[in-house]
Amino acid sequence: MAASAFTIIVTAAMFLATNGVGVEGRAFFVFGDSLVDSGNNNYLATTARADAPPYGIDYPTRRPTGRFSNGLNIPDLISQSIGGRESPLPYLSPALTGQRLLVGANFASAGVGILNDTGVQFANIIRPFQQLEYFQQYQTRVSALVGGGAAKRLVNQALVLMTLGGNDFVNNYYLVPFSARSRQFSLPDYVRYLISEYHKLLRKLYDMGARRVIVTGTGPLGCVPAELAQRSRNGQCAEELQRAAALFNPQLTQMLLKLNSEVRGNVFIAANTQLTNRDFIRNPQAYGFVTSKVACCGQGPYNGLGLCTPLSNLCPNREVYAFWDPFHPSEKANKIIVRQILTGSLDYMNPMNLSTILALDARL
(Lines give C-alpha, C1' and ligand atoms only; values in the text may rest on other atoms or scores of the structure.)
Protein backbone atom coordinates (compact mmCIF):
# COMPACT_ATOMS: atom_id res chain seq x y z
CA MET A 1 0.00 0.00 0.00
CA ALA A 2 1.32 3.45 -0.90
CA ALA A 3 2.38 5.65 2.02
CA SER A 4 -0.11 8.37 1.07
CA ALA A 5 -3.02 5.90 1.05
CA PHE A 6 -1.92 4.57 4.41
CA THR A 7 -1.78 8.12 5.81
CA ILE A 8 -5.31 8.81 4.56
CA ILE A 9 -6.62 5.67 6.25
CA VAL A 10 -4.89 6.36 9.56
CA THR A 11 -5.94 10.04 9.62
CA ALA A 12 -9.54 9.21 8.82
CA ALA A 13 -9.64 6.41 11.37
CA MET A 14 -8.25 8.75 14.07
CA PHE A 15 -10.92 11.32 13.21
CA LEU A 16 -13.67 8.75 13.38
CA ALA A 17 -12.34 7.32 16.64
CA THR A 18 -12.80 10.71 18.32
CA ASN A 19 -16.08 11.66 16.68
CA GLY A 20 -18.18 8.51 17.05
CA VAL A 21 -20.97 7.93 19.52
CA GLY A 22 -18.95 6.64 22.46
CA VAL A 23 -17.14 4.05 20.42
CA GLU A 24 -13.71 3.70 18.82
CA GLY A 25 -14.14 3.93 15.06
CA ARG A 26 -17.40 4.32 13.20
CA ALA A 27 -20.17 1.76 13.56
CA PHE A 28 -20.08 -1.09 11.06
CA PHE A 29 -23.03 -3.17 9.87
CA VAL A 30 -22.77 -6.36 7.84
CA PHE A 31 -25.50 -8.07 5.82
CA GLY A 32 -25.26 -11.08 3.56
CA ASP A 33 -24.21 -14.71 3.32
CA SER A 34 -21.44 -17.08 4.46
CA LEU A 35 -18.66 -14.93 3.01
CA VAL A 36 -19.40 -12.39 5.75
CA ASP A 37 -21.28 -14.38 8.45
CA SER A 38 -19.37 -14.11 11.73
CA GLY A 39 -21.40 -16.64 13.66
CA ASN A 40 -25.14 -15.95 13.49
CA ASN A 41 -25.81 -19.45 12.21
CA ASN A 42 -24.25 -20.89 15.37
CA TYR A 43 -27.46 -19.83 17.11
CA LEU A 44 -29.77 -21.46 14.53
CA ALA A 45 -30.89 -25.02 13.85
CA THR A 46 -29.31 -25.20 10.41
CA THR A 47 -26.80 -27.33 8.51
CA ALA A 48 -25.06 -24.17 7.22
CA ARG A 49 -22.59 -23.91 10.09
CA ALA A 50 -18.86 -23.45 10.63
CA ASP A 51 -18.77 -24.21 14.34
CA ALA A 52 -16.43 -27.22 14.36
CA PRO A 53 -12.68 -27.64 13.75
CA PRO A 54 -10.71 -27.08 11.64
CA TYR A 55 -12.65 -23.83 11.02
CA GLY A 56 -10.92 -21.10 12.99
CA ILE A 57 -7.58 -22.91 13.07
CA ASP A 58 -5.76 -19.60 12.39
CA TYR A 59 -8.19 -17.32 14.23
CA PRO A 60 -6.60 -15.60 17.28
CA THR A 61 -8.40 -18.01 19.65
CA ARG A 62 -7.55 -21.02 17.41
CA ARG A 63 -11.19 -22.08 17.77
CA PRO A 64 -14.14 -22.16 15.35
CA THR A 65 -16.29 -19.05 15.61
CA GLY A 66 -18.91 -19.59 12.92
CA ARG A 67 -16.78 -17.81 10.34
CA PHE A 68 -16.38 -19.79 7.13
CA SER A 69 -12.64 -19.22 7.21
CA ASN A 70 -9.43 -20.57 8.66
CA GLY A 71 -9.04 -17.19 10.37
CA LEU A 72 -10.30 -13.66 9.86
CA ASN A 73 -13.03 -12.95 7.33
CA ILE A 74 -13.74 -9.87 5.21
CA PRO A 75 -15.75 -7.97 7.89
CA ASP A 76 -12.95 -8.52 10.44
CA LEU A 77 -10.38 -7.03 8.09
CA ILE A 78 -12.56 -4.08 7.07
CA SER A 79 -13.34 -3.39 10.73
CA GLN A 80 -9.63 -3.14 11.47
CA SER A 81 -9.21 -0.77 8.55
CA ILE A 82 -11.80 1.73 9.81
CA GLY A 83 -10.39 1.94 13.32
CA GLY A 84 -12.60 -0.61 15.02
CA ARG A 85 -11.20 -2.08 18.23
CA GLU A 86 -13.31 -5.19 17.59
CA SER A 87 -15.45 -6.62 14.82
CA PRO A 88 -19.20 -6.20 15.20
CA LEU A 89 -20.68 -9.21 16.95
CA PRO A 90 -23.29 -11.47 15.35
CA TYR A 91 -26.69 -9.95 16.02
CA LEU A 92 -27.89 -13.19 17.63
CA SER A 93 -24.97 -13.26 20.08
CA PRO A 94 -26.08 -12.84 23.70
CA ALA A 95 -22.96 -10.70 24.21
CA LEU A 96 -24.29 -7.96 21.90
CA THR A 97 -25.59 -5.65 24.63
CA GLY A 98 -24.82 -2.26 26.18
CA GLN A 99 -21.86 -0.37 24.76
CA ARG A 100 -20.99 -3.23 22.40
CA LEU A 101 -24.12 -2.36 20.42
CA LEU A 102 -22.45 0.91 19.45
CA VAL A 103 -19.73 -0.94 17.54
CA GLY A 104 -22.41 -2.12 15.09
CA ALA A 105 -23.72 -5.59 14.35
CA ASN A 106 -23.34 -8.44 11.88
CA PHE A 107 -26.69 -9.69 10.52
CA ALA A 108 -25.28 -12.05 7.87
CA SER A 109 -26.32 -15.68 7.67
CA ALA A 110 -24.65 -18.47 5.70
CA GLY A 111 -26.73 -19.95 2.91
CA VAL A 112 -28.93 -16.97 2.08
CA GLY A 113 -29.37 -15.21 -1.23
CA ILE A 114 -31.21 -12.27 -2.66
CA LEU A 115 -34.29 -14.45 -3.12
CA ASN A 116 -36.22 -15.96 -0.23
CA ASP A 117 -36.25 -19.42 -1.83
CA THR A 118 -32.44 -19.53 -2.06
CA GLY A 119 -30.96 -21.82 0.58
CA VAL A 120 -34.20 -23.58 1.52
CA GLN A 121 -32.16 -26.78 1.91
CA PHE A 122 -30.43 -25.21 4.94
CA ALA A 123 -33.74 -24.71 6.79
CA ASN A 124 -33.34 -22.01 9.45
CA ILE A 125 -31.27 -19.15 8.07
CA ILE A 126 -31.75 -15.39 8.31
CA ARG A 127 -33.01 -14.30 4.92
CA PRO A 128 -32.37 -10.71 3.81
CA PHE A 129 -35.80 -9.33 4.70
CA GLN A 130 -35.33 -10.72 8.20
CA GLN A 131 -31.80 -9.30 8.39
CA LEU A 132 -33.35 -5.87 7.74
CA GLU A 133 -36.03 -6.53 10.37
CA TYR A 134 -33.25 -7.25 12.85
CA PHE A 135 -31.56 -4.01 11.77
CA GLN A 136 -34.74 -2.12 12.65
CA GLN A 137 -34.85 -3.94 15.98
CA TYR A 138 -31.20 -3.03 16.53
CA GLN A 139 -31.96 0.66 15.98
CA THR A 140 -34.73 0.51 18.57
CA ARG A 141 -32.31 -1.00 21.08
CA VAL A 142 -29.66 1.66 20.40
CA SER A 143 -32.26 4.43 20.69
CA ALA A 144 -33.13 3.14 24.14
CA LEU A 145 -29.42 3.23 25.03
CA VAL A 146 -28.30 6.61 23.66
CA GLY A 147 -31.47 8.37 22.48
CA GLY A 148 -33.16 8.60 19.09
CA GLY A 149 -31.01 11.41 17.69
CA ALA A 150 -27.72 9.78 18.58
CA ALA A 151 -28.94 6.43 17.25
CA LYS A 152 -29.87 8.02 13.92
CA ARG A 153 -26.45 9.69 13.66
CA LEU A 154 -24.70 6.41 14.47
CA VAL A 155 -26.55 4.66 11.62
CA ASN A 156 -26.14 7.56 9.15
CA GLN A 157 -22.38 7.74 9.82
CA ALA A 158 -21.84 3.97 9.80
CA LEU A 159 -20.16 1.86 7.14
CA VAL A 160 -22.29 -0.95 5.75
CA LEU A 161 -21.19 -4.08 3.89
CA MET A 162 -23.67 -6.12 1.81
CA THR A 163 -22.67 -9.43 0.22
CA LEU A 164 -25.33 -11.42 -1.63
CA GLY A 165 -25.84 -13.13 -4.98
CA GLY A 166 -23.54 -16.15 -5.21
CA ASN A 167 -25.96 -18.52 -3.51
CA ASP A 168 -28.76 -17.48 -5.86
CA PHE A 169 -26.80 -19.25 -8.57
CA VAL A 170 -24.90 -22.01 -6.71
CA ASN A 171 -27.64 -22.99 -4.25
CA ASN A 172 -30.68 -22.17 -6.35
CA TYR A 173 -30.54 -21.82 -10.14
CA TYR A 174 -27.75 -24.39 -10.63
CA LEU A 175 -28.28 -26.45 -7.47
CA VAL A 176 -29.86 -29.34 -9.38
CA PRO A 177 -30.49 -29.96 -13.08
CA PHE A 178 -33.79 -28.44 -14.18
CA SER A 179 -34.24 -26.54 -10.93
CA ALA A 180 -37.49 -24.64 -10.42
CA ARG A 181 -35.84 -21.29 -11.09
CA SER A 182 -34.03 -22.54 -14.21
CA ARG A 183 -37.36 -23.79 -15.58
CA GLN A 184 -38.99 -20.44 -14.75
CA PHE A 185 -36.25 -18.15 -16.14
CA SER A 186 -33.60 -18.19 -18.82
CA LEU A 187 -30.27 -17.15 -17.30
CA PRO A 188 -30.40 -13.54 -18.61
CA ASP A 189 -33.96 -13.14 -17.33
CA TYR A 190 -33.00 -14.64 -13.97
CA VAL A 191 -30.14 -12.17 -13.60
CA ARG A 192 -32.47 -9.26 -14.38
CA TYR A 193 -34.94 -10.59 -11.79
CA LEU A 194 -32.19 -10.86 -9.15
CA ILE A 195 -31.05 -7.30 -9.85
CA SER A 196 -34.61 -5.95 -9.53
CA GLU A 197 -35.11 -7.76 -6.20
CA TYR A 198 -31.71 -6.59 -4.95
CA HIS A 199 -32.66 -3.01 -5.83
CA LYS A 200 -35.67 -3.29 -3.50
CA LEU A 201 -33.51 -4.58 -0.63
CA LEU A 202 -30.92 -1.86 -1.02
CA ARG A 203 -33.48 0.89 -1.33
CA LYS A 204 -35.06 -0.31 1.91
CA LEU A 205 -31.63 -0.28 3.56
CA TYR A 206 -31.23 3.34 2.46
CA ASP A 207 -34.67 4.21 3.82
CA MET A 208 -33.56 2.73 7.15
CA GLY A 209 -30.67 5.22 7.34
CA ALA A 210 -27.67 3.59 5.65
CA ARG A 211 -25.54 6.19 3.83
CA ARG A 212 -22.25 4.39 3.03
CA VAL A 213 -22.88 0.92 1.63
CA ILE A 214 -20.23 -1.29 0.02
CA VAL A 215 -21.93 -3.93 -2.13
CA THR A 216 -19.75 -6.80 -3.31
CA GLY A 217 -20.40 -8.70 -6.50
CA THR A 218 -19.97 -12.44 -6.85
CA GLY A 219 -16.56 -14.00 -7.34
CA PRO A 220 -15.77 -16.13 -10.42
CA LEU A 221 -18.41 -18.69 -9.45
CA GLY A 222 -17.28 -21.42 -11.80
CA CYS A 223 -13.70 -21.40 -10.49
CA VAL A 224 -14.25 -22.35 -6.83
CA PRO A 225 -13.06 -25.86 -5.88
CA ALA A 226 -16.64 -27.09 -5.33
CA GLU A 227 -17.60 -26.29 -8.90
CA LEU A 228 -14.33 -27.61 -10.31
CA ALA A 229 -15.04 -30.90 -8.54
CA GLN A 230 -18.57 -31.17 -9.91
CA ARG A 231 -18.53 -29.47 -13.30
CA SER A 232 -14.99 -28.87 -14.53
CA ARG A 233 -13.38 -30.34 -17.59
CA ASN A 234 -9.63 -30.69 -17.08
CA GLY A 235 -9.51 -28.13 -14.30
CA GLN A 236 -11.07 -25.35 -16.33
CA CYS A 237 -13.61 -23.05 -14.67
CA ALA A 238 -17.22 -24.18 -15.18
CA GLU A 239 -18.53 -22.21 -18.16
CA GLU A 240 -22.20 -21.78 -17.17
CA LEU A 241 -21.41 -20.41 -13.73
CA GLN A 242 -18.78 -18.11 -15.20
CA ARG A 243 -21.39 -16.85 -17.64
CA ALA A 244 -23.76 -16.18 -14.75
CA ALA A 245 -21.14 -14.12 -12.89
CA ALA A 246 -20.26 -12.25 -16.09
CA LEU A 247 -23.91 -11.28 -16.56
CA PHE A 248 -24.66 -10.46 -12.91
CA ASN A 249 -21.72 -8.31 -11.86
CA PRO A 250 -21.85 -5.56 -14.52
CA GLN A 251 -25.62 -5.25 -14.08
CA LEU A 252 -25.15 -4.97 -10.32
CA THR A 253 -22.71 -2.09 -10.78
CA GLN A 254 -25.10 -0.32 -13.14
CA MET A 255 -27.99 -0.78 -10.73
CA LEU A 256 -25.94 0.70 -7.86
CA LEU A 257 -24.97 3.73 -9.93
CA LYS A 258 -28.64 4.19 -10.86
CA LEU A 259 -29.57 3.94 -7.18
CA ASN A 260 -27.04 6.65 -6.40
CA SER A 261 -28.67 8.92 -8.94
CA GLU A 262 -32.07 8.21 -7.36
CA VAL A 263 -30.88 9.14 -3.86
CA ARG A 264 -28.59 11.92 -5.17
CA GLY A 265 -25.40 10.83 -3.50
CA ASN A 266 -22.57 8.31 -3.62
CA VAL A 267 -24.24 6.02 -1.10
CA PHE A 268 -23.71 2.67 -2.82
CA ILE A 269 -20.21 1.50 -3.74
CA ALA A 270 -19.76 -1.44 -6.14
CA ALA A 271 -16.88 -3.72 -5.14
CA ASN A 272 -15.82 -5.80 -8.14
CA THR A 273 -14.86 -8.92 -6.21
CA GLN A 274 -15.12 -10.96 -9.40
CA LEU A 275 -12.11 -9.06 -10.74
CA THR A 276 -10.23 -9.23 -7.42
CA ASN A 277 -10.73 -12.99 -7.15
CA ARG A 278 -9.93 -13.50 -10.81
CA ASP A 279 -6.54 -11.86 -10.31
CA PHE A 280 -5.30 -14.47 -7.85
CA ILE A 281 -7.22 -17.35 -9.44
CA ARG A 282 -5.56 -16.77 -12.82
CA ASN A 283 -2.10 -16.11 -11.42
CA PRO A 284 -1.89 -17.57 -7.92
CA GLN A 285 1.90 -17.58 -7.81
CA ALA A 286 1.99 -13.78 -8.19
CA TYR A 287 0.16 -13.55 -4.87
CA GLY A 288 2.19 -16.16 -3.04
CA PHE A 289 -0.23 -19.05 -3.53
CA VAL A 290 0.76 -22.51 -4.68
CA THR A 291 -2.75 -23.22 -5.99
CA SER A 292 -6.09 -21.55 -6.60
CA LYS A 293 -7.82 -24.76 -7.66
CA VAL A 294 -7.47 -27.03 -4.63
CA ALA A 295 -9.12 -26.12 -1.33
CA CYS A 296 -7.04 -26.38 1.82
CA CYS A 297 -9.77 -28.30 3.64
CA GLY A 298 -12.09 -30.81 1.96
CA GLN A 299 -12.14 -34.11 0.16
CA GLY A 300 -12.50 -35.52 -3.32
CA PRO A 301 -11.27 -33.82 -6.50
CA TYR A 302 -9.74 -30.43 -5.72
CA ASN A 303 -10.82 -31.02 -2.09
CA GLY A 304 -14.08 -29.66 -3.45
CA LEU A 305 -16.67 -32.19 -2.29
CA GLY A 306 -18.75 -31.99 0.86
CA LEU A 307 -17.99 -29.88 3.89
CA CYS A 308 -14.78 -29.06 5.72
CA THR A 309 -14.85 -31.33 8.79
CA PRO A 310 -12.40 -32.79 11.33
CA LEU A 311 -12.12 -35.81 8.98
CA SER A 312 -11.26 -33.75 5.87
CA ASN A 313 -7.89 -33.43 4.18
CA LEU A 314 -6.20 -30.38 5.73
CA CYS A 315 -3.26 -28.53 4.21
CA PRO A 316 -0.37 -27.76 6.61
CA ASN A 317 0.13 -24.18 5.36
CA ARG A 318 -2.97 -22.08 4.74
CA GLU A 319 -0.86 -19.18 3.45
CA VAL A 320 -0.26 -20.91 0.12
CA TYR A 321 -3.92 -21.76 -0.63
CA ALA A 322 -6.30 -19.25 -2.20
CA PHE A 323 -9.31 -21.27 -1.01
CA TRP A 324 -9.84 -22.44 2.54
CA ASP A 325 -12.77 -24.78 1.84
CA PRO A 326 -14.74 -25.71 -1.31
CA PHE A 327 -16.43 -22.30 -1.50
CA HIS A 328 -14.65 -19.76 0.70
CA PRO A 329 -11.36 -17.85 0.36
CA SER A 330 -8.56 -18.32 2.86
CA GLU A 331 -7.69 -15.53 5.29
CA LYS A 332 -4.79 -14.54 3.07
CA ALA A 333 -7.11 -14.27 0.05
CA ASN A 334 -9.55 -12.23 2.14
CA LYS A 335 -6.70 -9.80 2.86
CA ILE A 336 -6.13 -9.37 -0.88
CA ILE A 337 -9.85 -8.71 -1.42
CA VAL A 338 -9.97 -6.13 1.39
CA ARG A 339 -6.81 -4.43 0.13
CA GLN A 340 -8.60 -3.79 -3.17
CA ILE A 341 -11.68 -2.55 -1.30
CA LEU A 342 -9.41 -0.08 0.49
CA THR A 343 -7.23 1.17 -2.33
CA GLY A 344 -8.48 -0.34 -5.61
CA SER A 345 -8.88 1.67 -8.79
CA LEU A 346 -12.24 2.46 -10.44
CA ASP A 347 -12.16 -0.98 -12.10
CA TYR A 348 -12.36 -2.54 -8.65
CA MET A 349 -14.33 0.06 -6.66
CA ASN A 350 -16.97 2.22 -8.35
CA PRO A 351 -17.41 5.17 -7.78
CA MET A 352 -14.67 5.22 -5.09
CA ASN A 353 -12.63 2.98 -2.80
CA LEU A 354 -12.85 2.79 0.97
CA SER A 355 -9.77 4.97 1.53
CA THR A 356 -11.48 7.76 -0.40
CA ILE A 357 -14.69 7.27 1.59
CA LEU A 358 -12.75 7.58 4.86
CA ALA A 359 -10.95 10.70 3.66
CA LEU A 360 -14.16 12.36 2.49
CA ASP A 361 -16.07 11.52 5.64
CA ALA A 362 -13.21 12.77 7.84
CA ARG A 363 -13.81 16.27 6.42
CA LEU A 364 -17.49 16.32 7.40
Side-chain angles (χ1 to χ4, degrees), residues 30-79 86-96 105-113 118-128 131 161 163-167 170-171 216 218-219 224-227 229 273 277 294-300 302-315 318-319 321-335 337-338:
V30 182
F31 301 86
D33 57 27
S34 60
L35 289 167
V36 293
D37 184 355
S38 293
N40 277 309
N41 280 23
N42 285 1
Y43 303 97
L44 302 171
T46 178
T47 56
R49 299 166 72 104
D51 59 346
Y55 284 100
I57 189 171
D58 298 309
Y59 192 75
T61 62
R62 302 293 186 262
R63 295 178 180 176
T65 62
R67 291 165 172 80
F68 286 75
S69 173
N70 58 301
L72 301 178
N73 64 7
I74 290 170
D76 295 321
L77 297 164
I78 291 178
S79 189
E86 63 182 50
S87 295
L89 290 172
Y91 186 68
L92 298 184
S93 169
L96 186 63
N106 187 316
F107 302 92
S109 178
V112 303
T118 293
V120 291
Q121 66 271 33
F122 301 123
N124 298 303
I125 50 181
I126 313 170
R127 291 179 169 79
Q131 293 185 25
L161 176 67
T163 296
L164 289 170
N167 285 327
V170 172
N171 285 316
T216 67
T218 71
V224 301
E227 299 306 330
T273 42
N277 280 263
V294 181
C296 169
C297 182
Q299 46 275 321
Y302 308 100
N303 272 350
L305 297 180
L307 300 172
C308 174
T309 74
L311 300 178
S312 298
N313 301 318
L314 179 65
C315 68
R318 275 73 64 186
E319 289 289 299
Y321 282 73
F323 284 94
W324 157 245
D325 69 10
F327 285 104
H328 303 97
S330 63
E331 180 186 285
K332 181 177 177 180
N334 283 334
K335 289 178 178 177
I337 293 166
V338 171

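From a predicted model like this one, the values you see are computed outputs, not experimental measurements. The analysis underlying the following values was restricted to heavy atoms, covering all of them including side chains, and did not include hydrogens, waters or symmetry mates.
Below 30°, between 30° and 60°, or above 60°: for Trp324 and Tyr55 the angle between ring planes is above 60°, a perpendicular geometry.
Proximity of Pro128 to Val112: side-chain heavy atoms (C-beta onward) are separated by under 4.5 Å at one or more points. Under the 4.5 Å side-chain criterion, counting only non-hydrogen atoms from C-beta, Asn42 is not in contact with Ser93. Counting heavy atoms from C-beta on, the side chains of Ser38 and Val30 never come closer than 4.5 Å. Side-chain contact between Asn73 and Phe68 is absent, with no heavy-atom pair separated by less than 4.5 Å. Considering only heavy atoms from C-beta on, Pro88 comes within 4.5 Å of Ser79 through its side chain.
How far SG of Cys315 is from CG of Asn70: 8.0 Å, rounded to the nearest 0.5 Å.
Between Thr163 and the choices Asp33, Thr216, Thr218, the side-chain hydrogen bond (donor to acceptor under 3.5 Å, both in side chains) rule is met once, by Thr216.
Looking only at distances, a side-chain donor or acceptor of Ser69 sits under 3.5 Å from a matching main-chain atom of Gly71. When atom types are taken as modelled, the side chain of Asp37 and the backbone of Gly66 share no donor-acceptor pair closer than 3.5 angstrom. Asn334 places a side-chain N or O within donor-acceptor distance of the main-chain N or O of Leu72, the cut-off being under 3.5 Å. In this structure, the side chain of Ser330 does not engage the main chain of Glu319 through any donor-acceptor pair within 3.5 Å. With Asn167 contributing its side chain and Gly113 its backbone, the two residues share no donor-acceptor pair below 3.5 Å.
Residues satisfying the side-chain contact (heavy atoms from CB on, under 4.5 Å) test with Leu92, not counting sequence neighbours, are Asn40, Tyr43, Leu44, Ile126, Tyr134. In this structure Arg127 satisfies the salt bridge (Lys or Arg N to Asp or Glu O under 4.0 Å) test with no other residue, sequence neighbours excluded. Listed by chain and residue number, Arg100 satisfy the salt bridge (Lys or Arg N to Asp or Glu O under 4.0 Å) test with Glu86 (two or more places apart in sequence, or in another chain). By the salt bridge (Lys or Arg N to Asp or Glu O under 4.0 Å) test, Asp76 is found to be paired with Arg67, residues two or more places apart in sequence or in another chain being considered.
A side-chain donor from one of Asn41 and Ser109 sits under 3.5 Å from a side-chain acceptor of the other.
In this structure, Ala45 and Asn124 approach most closely via the heavy-atom pair O-ND2, 2.9 Å.
Residue pairs satisfying the salt bridge (charged side-chain N to carboxylate O under 4.0 Å, His left out) criterion with at least one member in residues 321-332, sequence neighbours excluded, are listed as follows: Glu331-Lys335. Applying the salt bridge (charged side-chain N to carboxylate O under 4.0 Å, His left out) definition to pairs two or more places apart or across chains, those involving residues 38-51 are Arg49-Asp51.
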